[in-house]
K.L.:
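I have a structure here, written as structure tokens, and I will follow up with some questions on it.
Worth saying up front: this structure is predicted, and the values here are computed from it rather than measured. Each ligand, and each atom within it, is numbered from 1 in the order the structure gives. Heavy atoms only: backbone and side chains are in, while hydrogens, waters and symmetry mates are out.
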Amino acid sequence: MNILILGSGGREHALAWAVLQNPKCDRLIVAPGNAGIAMIAECAALDIMDGGAVATFAADEAIDFVIIGPEAPLAAGVADRLREAGILTFGPSAAAAQLEASKSFTKQICDAAKAPTAAYGHFTDAASARTHVAKTGAPCVVKADGLAAGKGVIIAMSEPEAVAAINDMFSGAFGGAGAEVVIEEFMEGEEASLFVLCDGTDILSIGSAQDHKRVGEADTGPNTGGMGAYSPAPVLTREIEAKAMNDIIRPCVDEMAARGMPFQGVLYAGLMIKDGQPRLVEYNVRFGDPECQALMMRLGAQALDLMHAAAEGRLKDAQVTWADDHALTVVLAAKGYPGDYAKGSVIKGLETCAEDSFHMVYHAGTTLKDGQITASGGRVLGVTARGTSLQEAATRAYGMVDQIDWPEGFCRRDIGWRAL
Ligand code: AMP
Ligand code: GLY
């Protein structure tokens with residue numbers, strides 16, 4: 001099989017790594033890729049938001065299967081263009097990607113599916129949103145309806161904070177994403193993520209994870225794209241996972257199919273768990289980053305077979321072969337992230353890190369310059385290890401972190417603390 005992966009982050013490096021474990025992969029191209037991906041696969045400069053260009057490239061290169069990593073091309077309909085061109089693709093249509101691209105859409109699907117989630121109101125003007133907050137009070141959660149690169153969610157602990165967030169959003173702080181606003185009940189509990197493959201009809205859980213969104217140790221400081229992750233999430237017990245599958249994912253996937261927009265790809269359900277009951281926080285329509293790095297290390301080669309089965313509508317007969325294992329990813333970021341940070345510093349010591357089915361350093365924001373790996377993003381590396389316990393995975397991952405010589409970078413030293 002000739003395979004094309006779209007994306008350039010740590011998630012796509014992990015997907016590429018897993019796909020390459022599988023002997024069914026004859027050739028792998030990643031577009032645009034990064035310096036780490038270039039060490040294991042061919043990279044191609046391609047505008048992945050241009051569905052026509054991607055379809056032409058895939059046809060020219062005799063690609064049999066395309067895996068789309070990030071949400072932006074999915075929301076822009078790149079999977080639709082590829083399927084119209086007869087190219088087998090893993091990832092939802094633009095219509096189905098609304099589960100991530102529109103928070104009010106997701107709330108409507110949950111209502112119709114009777115899936116447990118936070119109570120909410122949906123507003124297209126600031127005055128009605130403020131009236132709603134005056135009635136319901138704080139704490140509450142104010143969300144820009146559209147894609148805002150993970151930044152459009154404000155947890156307002158007081159009414160004035162909520163009003164400020166509403167005013168900001170309607171005055172364009174998040175561009176078009178904030179033209180509509182959803183205000184939710186604040187849910188308490190512990191968060192975990194569940195990753196579920198869907199082929200439009202059937203669903204298959206491929207594992208749980210927890211990430212660490214805050215930049216500082218003990219979950220302090222500003223939010224980031226994720227400073228680390230581990231899988232499985234102990235809070236998502238078998239029983240709670242079954243509840244999430246039966247009460248949330250199953251009815252939502254059925255509702256999508258009934259509306260003529262079957263969901264095919266990976267549904268990443270953010271769940272809030274309290275008193276043994278999961279409620280939906282949000283859906284994403286792609287793998288999480290860095291959760292994907294931990295998941296791929298656990299799934300290995302079978303990840304390709306499973307994604308292929310989802311794309312071909314064969315999930316009914318698919319199953320995951322689980323090892324009794326744990327994986328953990330520590331993100332190394334450029335000092336200053338998630339604020340301003342410098343680019344171009346040299347990262348040394350990577351060659352001393354083991355690369356096998358228990359250890360991988362996935363690259364997120366790196367560039368090869370004069371034969372050296374340099375930092376070119378905020379989140380730069382995802383140092384990932386697997387073990388028979390979470391502690392073993394953590395010890396291995398931090399062992400690798402200590403071998404990397406990059407004074408301009410930093411990481412959290414407490415990834416996995418909730419579970420350890
Ligand atoms: P989202 O982008 O929707 O995942 O929101 C980002 C983060 O905000 C989530 O991971 C939660 O930690 C938090 N959050 C979002 N909605 C709620 C809610 N209704 N109650 C409590 N926390 C929330
Ligand atoms: N790690 C959070 C995300 O991928 O959205």
Side-chain angles (χ1 to χ4, degrees), residues 7 9-12 14-15 69-72 74-75 97 99-107 110 115-122 133 136 138-157 161-162 165 169 174 177-178 181-195 208-215 219 222-231 233 235 266-274 277-296 329-331 333 338 362 364 378-379 382 384 412 415 418:
R11 166 181 50 211
E12 287 76 24
L15 288 168
E71 64 276 18
L74 293 167
L99 283 178
E100 177 164 357
S102 167
K103 303 213 185 268
S104 58
F105 176 85
T106 300
K107 289 306 229 181
C110 286
T117 183
Y120 75 104
H122 171 218
V133 167
T136 57
C140 66
V141 185
V142 183
K143 301 185 173 184
D145 186 71
L147 289 179
K151 295 194 180 82
V153 174
I154 308 289
I155 308 219
M157 296 316 287
E161 271 178 78
M169 284 185 194
F174 300 102
V181 163
V182 167
I183 301 179
E184 291 183 4
E185 158 204 2
F186 175 76
M187 295 189 284
E188 282 175 34
E190 187 168 348
E191 274 188 273
S193 306
L194 184 62
F195 294 85
S208 62
Q210 275 177 301
D211 75 349
H212 298 64
K213 288 213 167 87
R214 305 293 200 96
V215 73
D219 293 333
N223 264 329
T224 69
M227 293 301 293
Y230 53 96
S231 170
V235 62
V266 61
L267 203 49
Y268 156 2
L271 303 170
M272 189 69 82
I273 296 142
K274 197 181 169 217
Q277 299 298 329
R279 290 209 281 168
L280 185 77
V281 178
E282 60 157 359
Y283 281 129
N284 294 302
V285 300
R286 49 166 175 93
F287 284 106
D289 189 335
E291 292 92 328
C292 185
Q293 290 80 317
L295 284 176
M296 288 304 130
T329 299
V330 179
V331 168
Y362 296 116
R379 293 189 296 168
T384 304
R412 276 181 61 167
I415 301 304
R418 259 177 212 284

K.L.:
What pair of heavy atoms forms the shortest contact from Q293 to G288, and how long is it?
P.N.:
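What the structure gives for the nearest pair is OE1-O, 4.1 Å.
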K.L.:
If the plane angle is over 60° it's perpendicular, under 30° parallel, otherwise tilted; pick one for F195 and Y268.
P.N.:
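Tilted.
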K.L.:
Indicate yes or no: does an N/O atom of D211 lie under 3.5 Å from an N/O atom of ligand 2?
P.N.:
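Yes, at least one N or O pair falls under 3.5 Å.
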K.L.:
In terms of atom number and element, which parts of ligand 1 are under 4.0 angstrom from non-hydrogen atoms of A118?
P.N.:
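Those qualifying, in numeric order: 19 (N).
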K.L.:
Which atoms of ligand 1 are found less than 4.0 Å from any heavy atom of K103?
P.N.:
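Checking each atom against K103, I get 2 (O), 3 (O).
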K.L.:
Starting from atom 20 (N) of ligand 1, find the nearest protein heavy-atom neighbour and note its residue, name and distance.
P.N.:
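Checked against all protein heavy atoms, atom 20 (N) of ligand 1 sits closest to M187 N, 2.8 Å.
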K.L.:
I need the minimum non-hydrogen distance between V281 and K143, along with the two atoms involved.
P.N.:
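In terms of heavy atoms, the two residues are closest at O-NZ, 3.6 Å.
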K.L.:
With rounding to the nearest 0.5 Å, note down the distance linking CZ in R286 to CG in L99.
P.N.:
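It comes to 12.5 Å.
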K.L.:
Would you tell me which option among N223, D211, V281 has the nearest heavy-atom contact to atom 14 (N) of ligand 1?
P.N.:
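Shortest heavy-atom distance from atom 14 (N) of ligand 1: V281.
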K.L.:
For ligand 2, is there an atom lying under 4.0 Å from some heavy atom of G226?
P.N.:
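Checking ligand 2 against G226, which is what was asked, there is no heavy-atom contact under 4.0 Å.
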K.L.:
Counting each atom of ligand 1 from 1 as listed, which ones have a heavy atom of M272 under 4.0 Å away?
P.N.:
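Listed by number with element: 21 (C), 22 (N).
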K.L.:
Give the numbers and elements of all ligand 2 atoms closer than 4.0 Å to a heavy atom of G225.
P.N.:
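By the 4.0 Å cutoff, the relevant atoms are 1 (N), 2 (C).
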K.L.:
Closer than 4.0 Å to some heavy atom of V141 - which atoms of ligand 1 meet that?
P.N.:
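Under 4.0 Å from V141, ligand 1 has these atoms: 16 (N), 17 (C), 18 (C), 19 (N), 20 (N).
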K.L.:
Return the residue, atom name and 0.1 Å-rounded distance of the protein heavy atom closest to atom 10 (O) of ligand 1.
P.N.:
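Here the closest protein heavy atom is E191 OE2, 2.7 Å.
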K.L.:
Find all atoms of ligand 1 within a distance of less than 4.0 Å from any non-hydrogen atom belonging to K143, and give their numbers and elements.
P.N.:
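Going through ligand 1 atom by atom, the ones under 4.0 Å from K143 are 3 (O), 15 (C), 16 (N).
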K.L.:
Which heavy atom in G228 sits nearest to a heavy atom in V331, and how many Å separate them?
P.N.:
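Between these two residues, the closest heavy atoms are N-CG2, 3.9 Å.
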K.L.:
Tell me the closest heavy-atom pair linking E188 and K274, and the distance in Å.
P.N.:
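Where E188 meets K274 most closely, the heavy atoms are O-CD, 3.6 Å.
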K.L.:
Would you mind telling me if ligand 1 is within reach of the side chain of I155, the backbone, both or neither, using heavy atoms under 4.0 Å?
P.N.:
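Near ligand 1, I155 shows its side chain, while the N, CA, C and O stay back.
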K.L.:
Please report the interatomic distance OG(S102) to NE2(H122), rounded to the nearest 0.5 Å.
P.N.:
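The NE2 atom of H122 is 6.5 Å from OG of S102, to the nearest 0.5 Å.
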K.L.:
In Å, rounded to the nearest 0.5 Å, how long is the span from OG of S193 to CG of L267?
P.N.:
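Rounded to the nearest 0.5 Å, the OG-CG separation comes out at 11.5 Å.
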K.L.:
Can you find a heavy atom in the side chain of K103 that is under 4.5 Å from one in the side chain of Y120?
P.N.:
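Sidechains of Y120 and K103: no contact.
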K.L.:
Just by modelled atom types, is the R11 backbone N or O under 3.5 Å from a matching donor or acceptor in the D289 side chain?
P.N.:
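Yes, D289 side chain to R11 backbone: donor-acceptor pair under 3.5 Å.
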K.L.:
Considering only heavy atoms, does E71 approach ligand 2 within less than 4.0 Å through its side chain, its backbone, both, or neither?
P.N.:
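Neither part.
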K.L.:
Which is it for F287 and ligand 2 at heavy atoms under 4.0 Å: side chain, backbone, both or neither?
P.N.:
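Neither; nothing of F287 gets under 4.0 Å from ligand 2.
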K.L.:
Calculate, to the nearest 0.5 Å, the distance between atoms CZ and CE belonging to R379 and M227 respectively.
P.N.:
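R379 atom CZ to M227 atom CE measures 8.5 Å (nearest 0.5 Å).
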K.L.:
Could you find the nearest protein heavy atom to atom 8 (O) of ligand 1 and give me its residue, atom name and distance?
P.N.:
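Atom 8 (O) of ligand 1 sits closest to the protein heavy atom V153 CG1, 3.6 Å.
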K.L.:
Note the single closest protein heavy atom to atom 2 (C) of ligand 2, along with its residue, its atom name and the distance in Å.
P.N.:
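Protein heavy atom at minimum distance: Y268 OH, 3.3 Å.
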K.L.:
Just which atoms of ligand 1 are under 4.0 Å from any heavy atom in K213?
P.N.:
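Answer, ordered by atom number: 10 (O).
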K.L.:
Could you find the nearest protein heavy atom to atom 5 (O) of ligand 2 and give me its residue, atom name and distance?
P.N.:
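I find the closest protein heavy atom is R286 NH2, 3.0 Å.
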K.L.:
Would a distance-only check, ignoring hydrogens and angles, find a side-chain to backbone donor-acceptor pair under 3.5 Å from S208 to A233?
P.N.:
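Here the side-chain-to-backbone pair exists.
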K.L.:
Taking only heavy atoms of E185 into account, list the atoms of ligand 1 that are under 4.0 Å away from them.
P.N.:
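Matching atoms, with element in brackets: 18 (C), 19 (N), 20 (N).
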K.L.:
Any idea which part of R11 is under 4.0 Å from ligand 2, heavy-atom wise: side chain, backbone, both or neither?
P.N.:
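The answer is neither; R11 stays 4.0 Å or more away.
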K.L.:
Counting only heavy atoms closer than 4.0 Å, does ligand 1 sit against the backbone of E282, its side chain, both, or neither?
P.N.:
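The side chain, only.
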K.L.:
For ligand 2, is there an N or O atom under 3.5 Å from any N or O atom of G288?
P.N.:
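Looking only at distances, the answer is no, because the N/O contact criterion of under 3.5 Å is not met.
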K.L.:
Side chains of T106 and L280: closer than 4.5 Å at any heavy-atom pair?
P.N.:
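Sidechains of L280 and T106: in contact.
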K.L.:
Ligand 2 and N284, any nitrogen or oxygen pair closer than 3.5 angstrom?
P.N.:
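No - when backbone and side-chain N and O of N284 are compared with those of ligand 2, no distance drops under 3.5 Å.
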K.L.:
Where is the tightest heavy-atom contact between M169 and G152, given as atom of each residue plus distance?
P.N.:
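It is CE-O, 3.5 Å.
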